[in-house]
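Residue indices begin at 1 and follow the sequence shown. In this text, all values refer to a predicted model and were calculated from it rather than measured experimentally.
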Amino acid sequence: MSYVDNAQASYEHAIERVPEGVRVYLPILPVMSLVGVFILYPIAQAIYSSFFDKDLLSPAEAEFVGLANYAEIWTSETIHQVLWNTFVWVAVGSIAAIVLGFLMGWLLYEKLPFTSVASAIVLIPWVLPRVVGASIWQFMFGGSQGIINELLVQLGVIDEYIVMLGSTELSLWPPIVGMIWRLAPLFALLTLTSLQGIDEHLYEAARMDGATPWEQFRYITLPMMRYNLAIGFLLMLIYNIRNFSMVWVMTKGGPGVSSSTLPVMIYRTAFVDFNVGLASALSMLLFVVLLVFSYYYIQVYDKVQGEF
């Protein structure tokens with residue numbers, strides 16, 4: 001008997017000694033091990049750390065404080081400001097990107113001249129590395145040298161240059177513009193593929209029945225695209241909530257916390273202020289929000305799969 005045959009026989013003998021109820025899980029054991037090490041363990045560690053006053057520079061001196069970190073989230077005006085910034089960031093950025101992306105996708109679907117070239121150009125913001133895109137917008141919104149300031153002055157919208165990235169009132173909006181620029185092409189592509197999947201015979205039948213363009217859009221286009229639009233909307237929310245690079249590269253969350261979002265504050269709390277306990281509590285808040293949106297994303301996705 002060869003070495004391979006001996007190994008095979010030994011393996012089969014070992015498998016026979018494993019109970020049937022456990023044997024069925026053996027093929028997924030490697031994957032579950034990776035999930036446990038790289039996903040479940042970090043989550044458990046974050047939950048554990050959130051109950052401690054823990055300094056990153058001296059983790060051995062951690063002091064158990066119970067729910068004090070979560071109470072600070074509830075009472076801190078600074079954190080409330082960051083949560084409000086996050087809401088504005090997600091709501092405005094997602095809705096504007098969806099509307100702009102839908103219009104872009106519709107124009108691409110209409111097969112205007114140079115549509116193939118336009119499709120490639122439209123995707124450039126999405127395929128660019130995040131840091132590169134954020135750096136471009138940081139330069140464009142720069143104080144006296146940024147093209148945005150120069151354009152607004154030339155158009156007469158403002159009388160003098162405004163340091164937008166250094167203003168507590170305006171610093172959140174340049175990253176939002178950059179995020180809209182990045183995400184709109186993704187939704188445009190989703191819109192284009194959704195429109196291409198609608199049977200043209202439906203529109204022909206509607207036109208023969210005297211349906212107006214608005215009625216065709218309302219009763220054919222939107223119903224046929226509803227699940228794809230819902231998936232795209234949820235993806236936008238999930239992506240925006242956890243986005244870090246655009247704000248960090250452009251403003252680092254400042255001045256103060258005027259442009260900080262939840263991911264940026266988690267990073268600053270953990271790696272600038274070295275407060276691991278509060279950062280872990282904030283991470284748990286972000287985790288719960290993402291879990292809720294992910295649940296609804298899966299629900300919508302299952303409905304789409306069930307219909308096709």
(message) If you apply the rule side chain to side chain contact (heavy atoms under 4.5 Å, CB included), what do you find for T78 with M265, and how did you get there?
(response) CA-CA 10 Å; T78 299; M265 187 174 190; 4.2 Å; yes
(message) Parallel, tilted or perpendicular: which one describes the rings of Y239 and W126, with boundaries at 30° and 60°?
(response) tilted
(request) Would you check if I180 and V177 make a side-chain contact, meaning some heavy-atom pair closer than 4.5 Å? (result) no
(request) Classify the ring geometry between Y70 and F51 as parallel (under 30°), tilted (30 to 60°) or perpendicular (over 60°). (result) tilted
(message) With a 3.5 Å distance limit and no angle check, can you tell me whether Q216 reaches the backbone of A211 through a side-chain donor-acceptor pair?
(response) yes
(message) I'd like to check the side-chain contact (heavy atoms from CB on, under 4.5 Å) partners of L151; sequence neighbours left out, ordered by chain and number.
(response) L155
(request) For the residue pair T212 and F217, establish whether any side-chain heavy-atom pair is separated by less than 4.5 Å. (result) no
(request) Check the angle between the aromatic planes of F271 and Y267 and answer parallel, tilted or perpendicular using the 30° and 60° thresholds. (result) tilted
(request) Tell me, yes or no, whether the heavy-atom count around E63 atom CD, taken from other residues, nucleotides or ligands under 6.0 Å, exceeds 12. (result) no
(request) Determine the minimum heavy-atom distance between I73 and H80, stating which atoms define it. (result) O-NE2, 3.3 Å
(message) Do L108 and T191 have side chains that approach each other closer than 4.5 Å (heavy atoms only, starting at C-beta)?
(response) no
(message) Could you check whether any side-chain N or O of T251 sits under 3.5 Å from a backbone N or O of V247, counting only pairs where one atom can act as donor and the other as acceptor?
(response) yes
(request) Check the surroundings of atom CZ in F233: do more than 12 heavy atoms from other residues, nucleotides or ligands lie under 6.0 Å from it? (result) no
(message) Rounded at 0.5 Å granularity, tell me how far CG in L285 sits from OG in S280.
(response) 12.5 Å
(request) Give me the ring orientation class for W181 and W137: parallel if the planes are under 30° apart, tilted from 30 to 60°, perpendicular past 60°. (result) perpendicular
(request) Would you check if there is a donor-acceptor pair between the side chains of Y203 and T221 at a distance under 3.5 Å? (result) yes
(request) Return yes if some donor-acceptor pair links the side-chain N/O of N85 with the main-chain N/O of T261 below 3.5 Å, else return no. (result) no
(message) Could you measure the distance from the CD1 atom of I147 to the CD1 atom of I136? Nearest 0.5 Å is fine.
(response) 12.0 Å
(message) Under a 3.5 Å distance rule, please check whether S260 uses its side chain to pair with a backbone N or O of G253 as donor and acceptor.
(response) yes
(message) Does any part of the side chain of E61, heavy atoms only, come nearer than 4.5 Å to the side chain of D55, both counted from C-beta?
(response) no
(request) Would you mind reporting whether R242 and F293 have side-chain heavy atoms less than 4.5 Å apart? (result) no
(request) Decide yes or no for M164 and N149: does some side-chain heavy atom of the first lie under 4.5 Å from some side-chain heavy atom of the second? (result) yes
(request) Quick one: pull up CE in M225 and OG in S194 and give me the separation to the nearest 0.5 Å. (result) 4.5 Å
(message) Counting only heavy atoms not in Y48 (residues, nucleotides, ligands), do more than 12 fall under 6.0 Å from its OH?
(response) no
(request) Working to the nearest 0.5 Å, report the span between OG of S50 and CG of N69. (result) 7.0 Å
(request) Please determine, by modelled atom types, if S258 and S171 share a side-chain donor-acceptor pair under 3.5 angstrom. (result) yes
